Amino acid sequence: MQWHIFLGRPPLPAASPAAVSSLIQHPILITGAGGSIGSALARRLASAGARIILLESSENSLNDLQQDLAGGSANANFYLGGVSDRSLLDEIFSLHRPNLVFHAAAHKHVPLIEQQPLAAMANNIFATETLVASASAHNARIVLVSTDKAAAPAAMMGATKRLAEQIVLTSGGTVLRLGNVLASRGSVTEVFARQIASGLPLTVSDPAARRYFLTIAEAVELLLVAASEPQTHTLLVPLLPGPHFIADLARFMARTLVPDRESAIEFTHLRPGDKESEQLWSESETPHPATAGSLVCLHSPLPPRSQLHSVLATLHRAVQSRDPSAALADLRVLVPDYTPSQTVLAHCSTAASQVSDE
């Protein structure tokens with residue numbers, strides 16, 4: 001699929017050979033290495049000769065990646081496990097001594113996460129906190145793969161990623177917010193492709209729904225560029241001309257895949273956690289030029305370190321005690337511009353009622 005015809009722009013600039021050469025002087029750890037971005041990043045770094053450590057919680061995804069890289073000369077070590085496993089992380093850092101971590105592991109599917117808020121908090125927030133603690137203890141730097149849904153979030157996924165951003169930035173790491181990544185696993189392009197193949201109408205939430213789109217290859221290059229930025233403690237976003245209508249993406253895919261057939265579009269409704277249009281930064285964030293021309297640097301307000309750690313501690317207790325109502329209240333202290341959906345509010349209310357009835 002020639003995505004740049006749809007995007008109406010040339011590909012974003014790739015990381016310079018000098019930047020990549022500098023990054024691969026030391027081993028690099030990738031979490032969520034079996035995902036769309038993680039695996040593409042692994043292949044890109046392997047082709048450049050990097051020593052990579054690949055951490056993935058899905059056995060099937062890790063096996064696929066191992067088979068994919070087995071045919072080349074990749075200098076790779078594979079670990080089946082999760083980012084919340086501090087002992088495993090310490091073992092990886094002690095054995096391989098990576099000084100750079102690309103943290104791509106996360107729960108990302110908005111509708112599912114609206115119904116699973118505690119799981120999202122445990123994985124997106126506290127696994128990130130565990131990784132930061134282990135990386136800091138071993139003098140490694142983190143580049144967090146984040147999302148535009150973290151800007152004034154309307155979804156639990158975005159709110160938990162916003163708190164993950166705060167954790168990484170407070171530790172001196174780098175955050176890169178991406179838009180919707182075309183052809184990534186579980187993306188709307190997969191849904192449209194299945195519907196087109198089956199001759200079904202293409203379902204779009206709303207005629208006005210718009211998103212920022214980029215390709216997997218662009219996401220990988222942007223991560224390499226972000227990791228090369230001289231400033232740490234930096235929140236970055238891609239320099240993109242504007243969002244695209246999701247309906248236009250559906251029409252483009254239909255014209256490309258079945259040019260001789262008319263494909264209908266069926267408008268449904270915005271799902272819980274969806275916005276009509278995403279934004280790369282919120283009203284409280286201020287954009288500034290980054291060193292790299294393909295990125296924008298954001299000045300983003302952060303809570304005091306003492307408040308962050310204090311509220312994280314109470315949030316952690318709420319998650320451990322399976323109290324979504326208390327957890328939501330703590331989350332909103334640290335992400336005050338989060339607007340929970342009725343699905344999340346109802347889930348927390350139901351859980352609170354069940355506790356009071358016991």
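Bear in mind the structure is a predicted one, so any value in this text is a computation, not a measurement.
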* **side chain to side chain contact (heavy atoms under 4.5 Å, CB included) between Asn139 and Phe93, intermediate numbers included** => CA-CA 9 Å; Asn139 300 310; Phe93 281 111; over 6 Å; no
* Asked: What do the steps show when you test Glu114 against Ser341 for side-chain hydrogen bond (donor to acceptor under 3.5 Å, both in side chains), and what is the final call?
  -> CA-CA 8 Å; Glu114 291 297 283; Ser341 70; 2.5 Å; yes
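- We find the CG-CE distance between Leu328 and Met156 to be 5.5 Å, quoted to the nearest 0.5 Å.
- A distance below 6.0 Å separates the ring centres of His96 and Tyr79.
- Between Ser310 atom OG and Leu315 atom CG the span is 11.0 Å, to the nearest 0.5 Å.
- Under the side chain to side chain donor-acceptor pair (under 3.5 Å) criterion, the residue pairs touching residues 246-256 are Asp248-Arg251, with sequence neighbours excluded.
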* Check the pair Val204 / Phe245 against side chain to side chain contact (heavy atoms under 4.5 Å, CB included), numbers first and verdict last. => CA-CA 10 Å; Val204 176; Phe245 288 100; over 6 Å; no
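- Counted by atom type alone, Thr203 and Glu266 present zero donor-acceptor pairs between their side chains at under 3.5 Å.
- By the criterion of side-chain heavy atoms lying less than 4.5 angstrom apart, applied directly or through intervening Ile, Leu, Val, Met, Phe, Trp or Tyr residues, Leu100 is grouped together with Val83 in one hydrophobic cluster.
- Atoms CD and CG, on Gln66 and Asn77 in that order, are 10.0 Å from each other to the nearest 0.5 Å.
- From Leu240, atom CG reaches atom CG of Leu12 across 6.0 Å, with rounding to the nearest 0.5 Å.
- Annotation for His299: atom NE2 does not count as buried by contact number, only 12 or fewer foreign heavy atoms lying within 6.0 Å.
- Between the side chain of Thr31 and the backbone N or O of Ala105, at least one donor-acceptor pair lies under 3.5 Å.
- Between His244 and Phe6, the ring planes are tilted. Angles from 30° to 60° get that label.
- With salt bridges taken as basic N to acidic carboxylate O contacts below 4.0 Å, one links Arg9 and Glu218.
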* Going through the distances and angles, do Glu129 and Arg86 end up as a salt bridge (charged side-chain N to carboxylate O under 4.0 Å, His left out)? -> CA-CA 10 Å; Glu129 187 182 34; Arg86 176 63 189 267; over 6 Å; no
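- No continuous path of hydrophobic side-chain contacts links Val188 to Leu112 [ILVMFWY only; heavy atoms under 4.5 Å].
- The shortest side-chain heavy-atom distance between Tyr338 and Leu331 falls under the 4.5 Å cut-off.
- Linking ILVMFWY side-chain heavy atoms closer than 4.5 Å, directly or via other members, places Val191 and Met253 in two distinct hydrophobic clusters.
- Listed for the His26 side chain is no donor-acceptor partner under 3.5 Å among the backbone atoms of Pro98.
- Classification of the Phe126-His316 ring pair by plane angle, with boundaries at 30° and 60°, yields perpendicular.
- Once rounded to the nearest 0.5 Å, the distance linking CZ of Arg51 with CD1 of Ile53 reads 8.5 Å.
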Quiz: residues 141-150 side-chain donor-acceptor pairs under 3.5 angstrom, not counting sequence neighbours:
{"residue": "Arg141", "atom": "NH1", "partner": "Ala227", "partner atom": "O", "Å": "3.2"}
{"residue": "Arg141", "atom": "NH2", "partner": "Ala227", "partner atom": "O", "Å": "2.9"}
{"residue": "Ser146", "atom": "OG", "partner": "Glu165", "partner atom": "OE2", "Å": "2.6"}
{"residue": "Thr147", "atom": "OG1", "partner": "Lys149", "partner atom": "N", "Å": "3.0"}
{"residue": "Lys149", "atom": "NZ", "partner": "Asn180", "partner atom": "OD1", "Å": "3.3"}

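- From Ile92, atom CD1 reaches atom CZ of Arg97 across 14.0 Å, with rounding to the nearest 0.5 Å.
- More than 12 heavy atoms of other residues, nucleotides or ligands shown are found within 6.0 angstrom of CZ on Arg211.
- Side-chain contact between Phe78 and Asn63 is absent, with no heavy atoms from C-beta onward closer than 4.5 Å.
- Contact check for Ile125 versus Val319: no side-chain heavy atoms found under the 4.5 Å cut-off.
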